[in-house]
Amino acid sequence: MKVLTAEDKVACVGNENEPRVNVETKLTKEELNRGCPLGVSRVIDSVYICGAHSLPGAVRDLRPGLVVNAAPELPPPPEDYVPRHYVPLLDTPSSDMHPYMERVADLINDVVSNGEVVLVHCVAGISRSVTLCLAYLIKWHKMTLCDAYRHMKLRRPQVRPNTGFFKQLIKYEERLFGEASVKMIYCEAIDKEIPDVYEPDYRAMTWFRQRYGPIENS
């Protein structure tokens with residue numbers, strides 16, 4: 001595991017090691033999600049993601065052929081006769097997403113191939129549902145995990161699978177492609193291990209800590 005220090009991170013800002021940003025970043029989140037119901041993000045055409053608060057409107061407007069429910073703590077849905085597939089996992093780093101990644105990716109592909117829409121949701125549309133959508137993009141759209149994450153973050157900036165799920169996605173990508181595009185690194189700013197694609201979110205904190213030292217609780 002690579003250890004990324006504060007010096008490494010500050011030094012790499014703006015240099016040739018900076019992750020390449022796809023030209024797609026010229027499009028805004030609003031443009032990429034044009035036509036989506038409120039609170040819903042478009043993963044690709046025919047595949048959408050949302051949190052529980054947006055679910056009723058999303059089901060009404062999108063008329064999905066399948067809803068993937070990755071939030072067992074939510075109350076039972078109304079009798080709307082929409083086919084549902086349940087992923088009974090809590091959003092904890094110790095939850096085992098491996099048995100569901102391939103199964104849900106294949107289900108999504110089957111429904112989309114039949115010309116229907118798939119809606120994937122958890123409670124907030126940030127961790128569990130994102131993990132499943134990333135696995136789908138990796139398997140069926142042949143994206144690297146790094147590219148799939150950036151693809152989704154453009155459309156839904158709040159995406160953030162927990163570190164346990166991200167480690168499982170790294171193993172999933174390794175199994176499919178023989179190598180991983182994302183690595184776990186040590187983040188000095190928070191004294192924790194994170195995926196390297198999360199590192200830009202901590203640059204300001206890293207800079208502050210390097211300049212002024214750790215923030216002490218008063």
Side-chain angles (χ1 to χ4, degrees), residues 1-27 29 32 41-45 47 49 68 70 87 89 91 93-109 112 120 122 125-190 192-203 206:
M1 181 187 75
K2 177 184 177 183
V3 176
L4 195 65
T5 66
E7 290 77 15
D8 292 331
K9 287 184 279 188
V10 172
C12 78
V13 176
N15 71 14
E16 64 182 2
N17 294 322
E18 187 79 12
R20 300 294 181 185
V21 179
N22 193 292
V23 69
E24 193 175 37
T25 55
K26 292 180 180 178
L27 297 177
K29 178 189 73 172
L32 291 166
S41 304
R42 180 182 288 108
V43 179
I44 59 162
D45 288 342
V47 180
I49 185 171
V68 178
V87 177
L89 288 181
D91 185 19
S94 61
S95 291
D96 187 4
M97 185 67 83
H98 272 122
Y100 304 98
M101 288 181 183
E102 190 110 339
R103 188 182 314 161
V104 171
D106 290 347
L107 275 173
I108 293 173
N109 183 67
V112 170
V120 187
C122 52
I126 292 176
S127 183
R128 287 169 287 187
S129 55
V130 173
T131 300
L132 294 167
C133 289
L134 288 171
Y136 165 72
L137 292 174
I138 292 168
K139 179 171 185 182
W140 288 103
H141 289 266
K142 307 304 179 187
M143 291 186 185
T144 65
L145 174 55
C146 182
D147 287 343
Y149 171 77
R150 293 201 171 105
H151 173 94
M152 288 201 65
K153 193 168 178 63
L154 288 175
R155 292 154 173 75
R156 194 171 182 83
Q158 65 268 43
V159 299
R160 198 174 184 82
N162 71 53
T163 54
F165 290 161
F166 229 110
K167 288 177 181 178
Q168 293 171 58
L169 283 165
I170 290 170
K171 290 182 179 178
Y172 185 67
E173 181 185 25
E174 286 178 332
R175 181 169 67 80
L176 292 182
F177 298 156
E179 60 182 356
S181 59
V182 176
K183 293 180 173 59
M184 300 300 295
I185 60 173
Y186 171 71
C187 179
E188 187 179 46
I190 58 172
K192 288 183 179 178
E193 192 181 42
I194 60 170
D196 57 10
V197 291
Y198 287 178
E199 186 270 330
D201 298 336
Y202 292 99
R203 282 181 185 159
T206 298

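Heavy atoms only: backbone and side chains are in, while hydrogens, waters and symmetry mates are out.
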Side-chain heavy atoms of Thr144 within contact of Glu173, under 4.5 Å: yes
Stepwise side chain to side chain contact (heavy atoms under 4.5 Å, CB included) check, Ile44 with Leu137: CA-CA 9 Å; Ile44 59 162; Leu137 292 174; 3.9 Å; yes
With Tyr172, the side chain to side chain donor-acceptor pair (under 3.5 Å) member among His98, Glu102, Lys167: Glu102
Validation row: Val112, Trp140 side chains within 4.5 angstrom (heavy atoms): no
Side-chain touch Leu134/Met101, heavy atoms, less than 4.5 angstrom: no
Side-chain heavy-atom pair Cys122, Asp91 within 4.5 angstrom cut-off: no
Side-chain donor or acceptor of Ser181 paired with backbone N/O of Cys146 under 3.5 Å: yes
Backbone N/O of Leu32 and side chain of Arg42: donor-acceptor pair under 3.5 Å: yes
Nearest heavy-atom neighbours spanning Arg150 and Val197: NH2-CG1, 4.3 Å
Side-chain touch Val87/Arg103, heavy atoms, less than 4.5 angstrom: no
Passing candidate, side chain to side chain contact (heavy atoms under 4.5 Å, CB included) with Tyr136, options Asn109, Val104, Val68: Asn109
Modelled atom types, side-chain donor and acceptor of Glu188 and Tyr202, under 3.5 Å: no
Interatomic distance, Ile185 atom CD1 to Lys192 atom NZ [nearest 0.5 angstrom]: 14.5 Å
Cys187 side chain near Glu193 side chain, heavy-atom distance below 4.5 Å: no
Pairwise distance CZ(Arg160) to CZ(Phe166) - rounded to 0.5 angstrom: 9.5 Å
Close side-chain approach of Met184 and Ile170, heavy atoms under 4.5 Å: yes
Plane angle bin for Tyr149 and Tyr198 - parallel if under 30°, tilted between 30 and 60°, otherwise perpendicular: tilted
For His151 against Arg155, the heavy-atom pair lying closest together: O-NH1, 2.8 Å
Value rounded to 0.5 Å, distance of CG in Leu145 from CZ in Phe177: 9.5 Å
Sub-4.5 Å side-chain heavy-atom contact between Ile49 and Met152: yes
Closest approach of Ala70 to Leu132 (non-hydrogen atoms, all atoms of both residues): CB-CD1, 3.9 Å
